[in-house]
Protein chains: 2
Amino acid sequence: MTKAHEGNLPAVTEEMSQRFDAWQEAGFDAANCPVRDVLDRVGDKWSVLILTALAEEPKRFSALNRAVGDISKRMLTQTLRTLQRDGLVDRTVYPTTPPTVDYRLTELGHSVLEPLSALIAWAETRHDDIRAARNAFDEDEAVAA
Amino acid sequence: MTKAHEGNLPAVTEEMSQRFDAWQEAGFDAANCPVRDVLDRVGDKWSVLILTALAEEPKRFSALNRAVGDISKRMLTQTLRTLQRDGLVDRTVYPTTPPTVDYRLTELGHSVLEPLSALIAWAETRHDDIRAARNAFDEDEAVAA
DNA sequence: CGGCATCCATGATGATACTG
DNA sequence: CAGTATCATCATGGATGCCG
């Protein structure tokens, strides 16, 4: 019954349970939850990619479009607007013809790279484990059927 | 033009741009992207909440149902299945009548709490900034209209 | 170049009822 | 208790075409 993780990560475990208890007591209003707010942006299809693309230097709309790859102009515009609205990205228009617009991370946008980078690193180092678990699960399922 | 964030977080910035370059070179297959895999789970409506609820101790289905709050049995089942499939959660059935089932984090599940906790902490400390940015943005929009 | 408006397909989520 | 099955709904995202 005892798994390999008994007592391995007490600090974070403690942290998370306390957070959960706090949410419980506060009633946990999902509509106004900071975590949900952030995860909505982190969880959508393009935000993380755009944030990453802007990490090094500001980029223009069309440069972003090329950099991100197969994103449509519609989604690029929409995602950038949301990131801008949330204060993660700054939009600058230069009154040239044709118009020139560039996007850059704000201080807030830069600061989110830190926790985000940790999550991405976890994803990359642990992805093999996820894939293995997935294959095992699907095989068991196939046997059961 | 120079913002307050010039040269503030060089390490993470560097990390992220290198990651982005690596993705570019590799062709960035979105269908088989580790980050996308993780974000899909982190970004959905219930996974983080369930992971958090299971941080301290294993819980039974109905206990989870109560703990998480307004989740439907349907979504609880579905989310738990996915978490189990990805190897983050372990499901144990005790052959009693009526049936007893409990869910607990695997080592992999525990390990993701670390980067996740950092992201949640960021969300909670920076949420005021996000809200402020959002209000400012919406006001400007209202003025323009 | 940097968008916006429109339409549409898909998947995610919710409500409800039923079951071993 | 711990689900499954079915249907309805809604948000997300893609395709296309137009504009200053």
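Labels below follow one simple rule: chain letters A, B, ... track the order of the sequence lines, proteins then strands, and each chain is numbered from 1.
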Residues two or more places apart in sequence or in another chain: which of them pass side chain to side chain donor-acceptor pair (under 3.5 Å) with B:R60?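 Result, side chain to side chain donor-acceptor pair (under 3.5 Å) vs B:R60: none returned.
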For A:D44, answer base if it contacts any base atom (sugar-phosphate contacts may also be present), sugar-phosphate if it contacts only those atoms, and nothing otherwise; contact means non-hydrogen atoms under 4.0 Å.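 It contacts sugar-phosphate atoms only.
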Reckon B:T97 touches a base, only the sugar-phosphate, or nothing at all at heavy-atom distances under 4.0 Å?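 Counting heavy atoms under 4.0 Å across all strands, no contact is made by B:T97.
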Could you check how far [atom1] of [X] sits from [atom2] of [N], rounded to whole Å?
{"X": "B:K59", "N": "D:dC1", "atom1": "NZ", "atom2": "C1'", "value": "18 Å"}
{"X": "A:M75", "N": "C:dA5", "atom1": "CE", "atom2": "P", "value": "15 Å"}
{"X": "A:Y103", "N": "C:dC1", "atom1": "OH", "atom2": "C1'", "value": "11 Å"}
{"X": "B:D40", "N": "C:dG11", "atom1": "CG", "atom2": "P", "value": "13 Å"}
{"X": "B:Q78", "N": "C:dA15", "atom1": "CD", "atom2": "P", "value": "14 Å"}
{"X": "B:Y94", "N": "D:dG3", "atom1": "OH", "atom2": "C1'", "value": "18 Å"}
{"X": "A:N65", "N": "C:dC4", "atom1": "CG", "atom2": "P", "value": "14 Å"}
{"X": "A:R81", "N": "D:dG13", "atom1": "CZ", "atom2": "C1'", "value": "18 Å"}

CA sep, side-chain torsions, deciding dist, call: A:R19, B:S117, side chain to side chain donor-acceptor pair (under 3.5 Å): CA-CA 9 Å; A:R19 244 194 284 268; B:S117 182; 2.4 Å; yes
Side-chain ([X]) to main-chain ([Y]) donor-acceptor, under 3.5 angstrom:
{"X": "A:S17", "Y": "B:A55", "value": "no"}
{"X": "A:T100", "Y": "A:T96", "value": "no"}
{"X": "A:S47", "Y": "A:R41", "value": "yes"}

On DNA chain D, nearest-nucleotide positions of B:T77 versus B:R66: which is more 5'?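 The residue mapped nearer the 5' terminus is B:R66.
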Give the cluster check for B:V143 versus B:F137: same hydrophobic cluster or not, with ILVMFWY residues linked at side-chain heavy-atom distances below 4.5 Å.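 Not linked; separate clusters.
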Does the side chain of [X] get closer than 4.0 angstrom to OP1 or OP2 of [N] through an N or O atom?
{"X": "B:S62", "N": "D:dA2", "value": "yes"}
{"X": "B:R91", "N": "D:dG3", "value": "yes"}
{"X": "A:R60", "N": "C:dG2", "value": "yes"}

Salt bridge flag under 4.0 Å for residues B:R131 and A:D37: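 A:D37 and B:R131: not salt-bridged.
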So that I can tick it off, tell me whether B:K59 and B:D102 are bridged by a salt bridge, with the cut-off set at under 4.0 angstrom between side-chain N and carboxylate O.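 Between B:K59 and B:D102 there is no salt bridge, as every charged N stays at least 4.0 Å from the carboxylate O atoms.
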Under 3.5 Å, which N/O atoms of the protein pair with N/O atoms of nucleotides 15-20 of chain D?
from, atom 1, to, atom 2, distance (Å)
D:dA15, N6, A:R74, NE, 3.1

Compute the bend angle of the helix from C:dC1-D:dG20 to C:dG20-D:dC1 from the end axes (five pairs per end), rounded to 10°.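 Comparing the axis at each end, I get an angle of 50°.
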Please determine, by modelled atom types, if A:S62 and A:N65 share a side-chain donor-acceptor pair under 3.5 angstrom.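 No.
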